[in-house]
Amino acid sequence: MSVAEREPKIVGFLCNWCSYAGADLAGTSRTSYPTSVRVIRVPCSGRVNPQFVLRAFQLGADGVLVAGCHPGDCHYSTGNYFTRRRFLLVKRFLDYLGIDQRRFRLRWISASEGPKFAETIREMTEELRQLGPRDAAAVEAHAE
Amino acid sequence: MKLAYYPGCSSHGSAADYDRSARAVAGALALELVDVPEWNCCGASSAHGADHRLAMYLPGRNLAVAAGMGMGGVVTPCAACYSRLNRAHHWLAEDRRRWLELSAAVGVPYNDVGKPRSLLEVVVGDVGLEAVAAQVRRPLKGLKAAAYYGCLMLKPPEVARFDDPENPRSMDDLLQALGAQPVRWGFKTECCGASLSVSRPELVEKLVGDILDNASAAGAECVVTACPMCQANLEQRRSERHRLPVFYFTDLAGIAFGLSPRELGIPMHLGEPLELLRGKGLLAAGEEGQG
Amino acid sequence: MKRVGVFLCWCGSNISSAVDLDQVAEQTALLPHVVHVEQYKYLCSDPGQETVRKAIKEHALNRVVIAACSPRMHERTFRRAVGSVGLNPHLMEIANIREQCSWVHPDKVTSTPVAVDLVRTAVAKAVKDIPLEPSYVGIEKRALVVGGGIAGIQAALDIADSGYEVVLVEREPTIGGRMAQLDKTFPTLDCSSCILTPKMVEAGQDPRIRLLTYAEVESLSGYIGNFEARIRMKARSVDLDRCTGCGDCWNKCPYRSPGEFDLGLGKRKAIYLPFPQAVPNKPVLDRATCAYFQKDGKCQVCKKVCAPGAIDFEQQDEILEERFGAVVVATGFDLWDHGRYGEYGAGQHPDVISSLEFERLVSASGPTDGKIKRPSDGKLPERVVFIQCVGSRDEAKGVPYCSKVCCMYTAKHAILLKEKIPSSQSYVFYIDVRAAGKNYEEFYRRATVEYGAQYIRGRVSRIYPRGDSLVVVGEDTLLGQKVEVEADLVVLATAVVSRSDAPQVAQKLGFSYDQHGFFTEAHPKLAPVETNTAGIFLAGACQGPKDIPDTVAQAGAAAAKVVRLFAKDQLETEPTVARVDRARCAGCEWCRPICPYKAIEMEAVTERVGSGQVARRVAKVNPSLCHGCGACSVACRSGAMNLLGFSNEQVWAEVEALCL
Amino acid sequence: MAVVDLTEAAKGREELLTRVRELAETDPLACYQCGKCSAGCPLSFAMDYQPRQIIRLVQLGMREQALGSSTIWLCAGCATCTTRCPRQVKIDGVMDALRQLAGQDGRAPREREVAAFHTSFLESVRRGGRVHELGMVGSYKLRTRRIFQDGGLGWNLLRHRRLPLKASPLRDRKTVERIFRAAEVRG
Ligand SMILES: Cc1cc2nc3c(=O)[nH]c(=O)nc-3n(C[C@H](O)[C@H](O)[C@H](O)COP(=O)(O)OP(=O)(O)OC[C@H]3O[C@@H](n4cnc5c(N)ncnc54)[C@H](O)[C@@H]3O)c2cc1C
Ligand SMILES: Cc1cc2nc3c(=O)[nH]c(=O)nc-3n(C[C@H](O)[C@H](O)[C@H](O)COP(=O)(O)OP(=O)(O)OC[C@H]3O[C@@H](n4cnc5c(N)ncnc54)[C@H](O)[C@@H]3O)c2cc1C
Ligand code: SF4
Ligand code: SF4
Ligand code: SF4
Ligand code: SF4
Ligand code: SF4
Ligand code: SF4
Ligand code: SF4
Ligand code: SF4
C-alpha cells in the first residue's frame, strides 16, 4: 500500500503543559484534523531525546512532530530553548541518514492554540503525502 | 609623532589663518604633519543630502590614501571634515565588504588608517596637557574664554567617539593648561548653522547671536573654536552688538607658546582680536601693531 | 507477571458514537499481558470507578489502562481509584481516546484504528510502569525575610500573625526602606510615616519577629523546607541590649557628614539615628566617618556620655547560622543616576534634583523641615519644572521599560508644591501619563484642574543655566512648537532600577533575575510571587517597579505562600522526578548546568574495584528541587539519568507500540 | 485644516519606509513622538514641520508632505537630535534620506536657496576636486540671482586675504569625477 492511499503516520511528542493541552483544545472545540497523528505525552519538549525521534523513523514513521510551549513560556522556564538548539542539530543529522528534513517538525503550540495544532497536522500530512512513502531500509542501514 | 594631515578645502581660502596657526602650533609641539597627497574635498555639508554613496566615497578616498602613507593615523583641523571622515570610517568599519566597494569606486585600495582624529583630539589626547603646559612661555593669565566645540566634533557620539557630547571638557582643559580661564556656559555644543551660512544667513544670524549672547553673559572675553566653519560663521554672521573676538584654539596656544600673532595669522581674523590680547598684556612690545 | 486490565469508556455517546469500542476491545484483548478488558458508560462516575476497583481485585490486576478522556481531566481521579484498593497509583495509564480521537475523528471507520493504536501504546507504557512513591521532607517552620522595606515588613507581619517565627534581615541600621523617605503618598495623600511607622513598630515588637538590622545574608543553601542561611551582623559599635536610645551620644558627637537617608541634602553625626522613627530606635556608629576610627583613636565623646555603657568600639562582625523553611526576598529598588544625562546637566546643577530628593525636601522630618528650599541658595522656588521618564523608556541611555510609579508621584509632587508654595507654578513634561490604578486618573485630574499643574506633552531636550535660574527646553508636541521654561528648580522623575547588587543577591540565594536585575517570577501571570526555586518567594519592587498598594498586595501573597507551606507538617514531593543510575553515571556533569532548578549536585561515592577502593563522583538529584522536566535525562550520554513516570524505557516502548 | 486620508497614505507607506530604512540605516517606526529631537533642534524655529513631525510623516507614509517640507532642507545636520533620541532613531540620517529621495523624484525643493547652495558646492567639488569658495559662491549667486547678497562680507574676507581668487584644484581632475560616476552607478 503506498502512502498516497494510506494515511501517513506521524508520531507527535507533545509537552504536557502547552501543546498537549492545545491538542486537547482542538478536541474540545471539535476541530477535526487528519487521523495521521499519534500522540505521546511528555512533560516538556526538552524531555524528547533525539533517539526517540530516530527510533520512530527507524520503525517506519512517516513524520515526527515535536511540539512545546513558545520560547519564554516554558513551564520549566528554559526547557524549550534546549529543544530548539538540540533539534537544529538533529535536522542536520537526518540529512545524513537520508531522511528528508521536511519529515521532521518542531512547533511551538500553546494551550490555547487548538486550531494551530490542527493546522499543523493538516499541513504536515499534506506534505508527507507529497513526499511519498519512506525508504525505511536506508535508515536501518545507517543506524546500525 | 608623524601624522597624515587632511587640511580641508577652507584651508586654502577662508581658513588660511587657521592653517597657519595649526601648522605653527603643531611644529611647536613636535607634531609632524604630512599633507595627504592630492587630498580631495570630503563633501562637507552637501554630499550627504545628495547621495549617500558619494558622501561615503569622497572622504573614503582620503582615508584610503592616508592609510597608504603608513603614518600614525590621520588628523584634520576642521570639525566638518572630521565629521565626514569619521562617518565614512564608521560606515566602512561596520562591514568589510564595503572596503572592496570603496576601493573599486575610488581606485585606491582601502585599508584602515584608524579613527580619524581632530587636531584638538591629538593635542589634548596624544600630546597631552602636560607637554602642552611645558611649552607655555606666556600664560594667558586672566583671559576668560568660552570654549566652543560646535556640533560636528562630538555628535553623534558613536561616530565621533571623542569627548562627552553634552559637556565636553577637552578644550576647557587645554585652555586651563595654557593659563586661561575657561568659563562655564551653556552653548558649548550648540550648532551655529554654518552649513546654511550662505543660503539662509538670516537664520544663522539668530543661532550665532544666541551663542555669543550666552558666552557674553557667562563673562567670556572671547570665544575659542576648533573648526574653521564655526570660526568663520561666528565672525561673519554676528550682529553689531557682539564684539567678542573668535579665536582658533591654535591661536591661543600659539600666543601662549610665545609665537607672534602674525605667524599665527591672527590679523587675518575679522574684528579686533589683537586689542583683547593687548589689553591682557599678552603681546610683546614688538608685536604691537603688526598685522 | 504483568496483569493488565483495560477499561474503555463510552463517555455517554461522546466516545461510543465515534469509535467502534467493541472492535477496540477485541483487538486489545489480543495484546500481551492484557488479562481483562471491560467497557463502561461513565468511568469517572462513582459506579464507574467501582467497576475498576472490583476488576482489580477480581482479576488480580497489577497494571491498569483507562481509555477515556484526556489525562488532564481525570488522571487524579483514576490514580486515587486504583490507589484505594492498594495498587500503586502510578501503575495506571490513560489512553486519550476522546479529545484526541473521538472528538476530532468523527468517522468510525478512520477513528477506530487510531483508538486501537492509542490503547496499545498506553498498554505498552503501563507494562513498563514501576511503583512510584512520593518522598516526604520535613519543614522548618521559620521564615527568613530579606529586606525590611514595606514589602518585607508586611510579609513578616503576615507570617508572624499566622503563628510562625520570622527573621527579618535588613541591611541598613533601620527598617522602613524607601517608603520611610517619602513625604505623602498617592493616591490618597496619607502621610507616609503615619501609615508606615505603626507597622515598623509592630514589626519591632512582635515577639515572633526577630529583627536583624545592619545585617546581610551571606549565603543560602538547602532547599524548600530546609534552608540554611549564614547571616552577617555588621559591627554596629552599639550594644543594642544596653542602649536605651536616649540620644546623648549623637547629640554630643562632634563630627558631621552628609546623611544617606536625606540623600546628602542634610547632615548626620558619626553616630546617628537615620531618622527619628527608626526601628530599632537605637543609633549606629559609622566607622567610616567616626574620628575615633579614622583619625587618632581619641574623641570617644559618645562613650563618655553614654550612661548605660552601650558604646563598644571593639565590636566585631558576627556570623549567625540559622535554619528556615521558606524565604521571602524583598530587597526593593534603587533610582537611576541622572549623571548620565549630560543634556540635563549630568548632575552638576545643584537645582536639578531627583524626585526622591524632592520627597526629602517636602518631608516635615527632612533636612529643611518640610520647607521646599532649593539646594543652591535656599530660595523658595516659584517656577518648578518636573520631567517624567528620565532614564525610563530610554533605550539609548537608560532603561527601556516604564517605571510605573513616576507618573503618579509626579502628579503628587505638583500637588504638594502648590500646597506648600501657593504662589508657585509647576510644569510637568511627560510623554504619556500612565494613571492605571484605582483612583489614579482622578488623582491626576486633581493635579491639573484643582492644582493647576501645567502638563506639557514632550520630552525635554536640554537644561542650561541662565543667571541663577535654569532654562528648560522642550517641545510641546501637541502644539508642534518648541517651548522654553525658565525655572527655579527642576525635578527629574528618574527611573526605578534594581539594586546594584541585585544579581549577586540572586546568585547567593539561588534564583534567577532578568537583564535589568529584577528578580524573575516563576510565571508572569500565574505565579507572580514564586521564584524558580521552590520555597523562595518575592515581594515588592525587587521583582519590578511597583507602587505601595501593589507592593503590599504582593507581600501578602508571598506571606500566604509561606504559610501555605508551613500549614503542612511534611512536604510531599511529586514522585515523577529524575533519578540517577549511579552504576552508569560517568560523572561527566553534562546534566548539571542544564537543570533550571539546580536540582543536580555531584556526590562522591567509593566503590570496591577488585580488592581496592575507588572514589568517583556521580550525579545526585535532589527530589525536593527537581520539577521533573526531563531535560537532564536527554543531556546524559551514558543513559544514567532517567525520569520517573516518563522513563526512557517507557517512551521507547510507546514509540515502538505506535509504529507497529 | 485638511483631513488626512490615512488609508490613502498607507499605500505608499511600505515603499517610503523601506527607502528611508535603507538610506538612513535606522527605523522610523521606533519613534514614539516624544519631541526631544525637535526640542533640541537649533533650526526648528524656522521649519514648517518639526523634526519629530517629519518622522511622523514617514511613519504614516505621507511622502508628499515629507519631501515637500522646508525642514529637510533647513536641517543643518548637527545630529543633536540623533544624539539625544531615546529610541535611537537617526533623525539626521532620515533628513539626508528624504533630501536624496526628493532629488531622485526631481521635485522642486521647498528651500530653493539651500538646494542651490548644495548644487553649487558639489559642482565646485566635481570640477576641481576641492571647493573653490569664491567660484562656488559666484555660481550660487548666479543660480539664485542674489548677486549683491553678502557683498560687504566678501570684500572684508578678500581684504583679510581669506578669499583667494585662484582655485587650488587637484592635479588630476579625473580622480574626483570617477568617484561621482561610481556613486551615480550605485545610486
Ligand atoms: C520618589 C518616589 C515617590 C514615591 N511615591 C509613592 C507614593 O506616593 N505612593 C506609592 O504607592 N508609591 C510611591 N513610590 C513607590 C514606593 O516607594 C515603592 O512602592 C515601595 O517603596 C517599594 O517597597 P519595597 O519594600 O519593595 O522596597 P524598598 O522600599 O526599596 O525596601 C527594600 C529594603 O530592603 C533593604 N535591602 C536591600 N538589599 C538588601 C540586602 N541585600 N539585604 C538586606 N536588606 C536589603 C533596603 O535597605 C530596604 O530597606 C514612590 C517611589 C519614589 C521613588
Ligand atoms: C477584553 C479584555 C482583554 C483582557 N486581556 C488580558 C490579557 O491579555 N492579560 C491579562 O493579564 N489580563 C487581561 N484582561 C484582564 C483579565 O480578564 C482580568 O484580570 C481577570 O479576568 C480578572 O479575574 P477575576 O477573577 O478577578 O474576575 P472575573 O474573570 O470577572 O471572574 C469573576 C467570577 O465571579 C463570578 N461572579 C460574579 N458575581 C458573582 C456572585 N455574586 N456570586 C457568585 N459568583 C459571581 C463571575 O461569574 C465570574 O466567573 C483582559 C480583560 C478584558 C476585558
Ligand atoms: S472518564 Fe472521561 S471519558 Fe469517561 S465518562 Fe468521565 S469524562 Fe467521559
Ligand atoms: S548614649 Fe548610649 S544609650 Fe543613649 S542612645 Fe547613645 S548608645 Fe544608646
Ligand atoms: S568617637 Fe567621637 S566621632 Fe566617633 S561616634 Fe563617638 S563621638 Fe562621634
Ligand atoms: S510611570 Fe510615567 S513617568 Fe514613569 S516611566 Fe512610566 S510613563 Fe514615564
Ligand atoms: S528533571 Fe528537570 S528539574 Fe529534574 S533534575 Fe532533571 S533537569 Fe532538573
Ligand atoms: S550526564 Fe549522566 S553520566 Fe553525566 S553526570 Fe549526569 S547523570 Fe552522570
Ligand atoms: S527624539 Fe526620537 S523618539 Fe523622540 S520624537 Fe524624535 S525621533 Fe521620535
Ligand atoms: S540634525 Fe537637523 S534635525 Fe537634527 S537637530 Fe540638527 S538641524 Fe535639527
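Of all non-hydrogen atoms in C:S633 and A:N49, the two that sit nearest each other are O-ND2, 4.2 Å. Closest approach of A:G46 and C:V634 over heavy atoms only: O-CG2, 3.3 Å. Of all heavy-atom pairs spanning A:Y20 and C:N96, the tightest one is OH-ND2, 3.1 Å. Across C:V655 and A:F52, no two heavy atoms sit closer than the pair CG1-O, 4.2 Å.
Among A:N16, A:L25, A:T31, the residue with the largest count of heavy-atom pairs under 4.5 Å with chain C is A:N16. Annotation: maximal heavy-atom pairing with chain A below 4.5 Å, among C:E656, C:R72, C:H627, occurs at C:R72. Top candidate by heavy-atom pairs under 4.5 Å with chain A, chosen from C:G628, C:P106, C:P71, is C:P71. Annotation: maximal heavy-atom pairing with chain A below 4.5 Å, among C:C101, C:S512, C:C629, occurs at C:C629.
At least one donor-acceptor pair under 3.5 Å links the side chain of A:R47 to the backbone N or O of C:F646. Under a 3.5 Å cut-off, the side chain of A:S32 and the backbone N or O of C:V104 do form a donor-acceptor pair. In terms of modelled atom types and a separation under 3.5 Å, the side chain of C:K125 and the main chain of A:I40 share no donor-acceptor contact.
Contact annotation: the side chain of A:D24 approaches that of C:Q100 to within less than 4.5 Å [non-hydrogen atoms, C-beta and beyond]. Counting only heavy atoms from C-beta outward, the side chains of C:L643 and A:P43 approach each other to under 4.5 Å.
Other residues, nucleotides and ligands place no more than 12 heavy atoms under 6.0 Å from the CD atom of A:Q51. Within 6.0 Å of NZ in C:K598 there are 12 or fewer heavy atoms belonging to other residues, nucleotides or ligands. Shown here is C:R76, whose CZ atom has no more than 12 heavy atoms of other residues, nucleotides or ligands within 6.0 Å. Counting non-hydrogen atoms of other residues, nucleotides and ligands closer than 6.0 Å to NZ of C:K108 gives a total above 12.
When heavy atoms are compared at a cutoff of 4.5 Å, A:A21 approaches chain C by way of both its backbone and its side chain. Heavy-atom distances place both the backbone and the side chain of A:T35 under 4.5 Å from chain C. Interface remark: C:D107 contributes no atoms to any contact with chain A (heavy atom separation under 4.5 Å). Neither the backbone nor the side chain of C:Q650 comes within contact range of chain A, judged by heavy atoms closer than 4.5 Å.
Taken to the nearest 0.5 Å, the CZ atom of A:R38 stands 4.0 Å off from the CG atom of C:D117. In this structure, the separation between CD on C:E654 and CZ on A:F13 is 8.5 Å, given to the nearest 0.5 Å.
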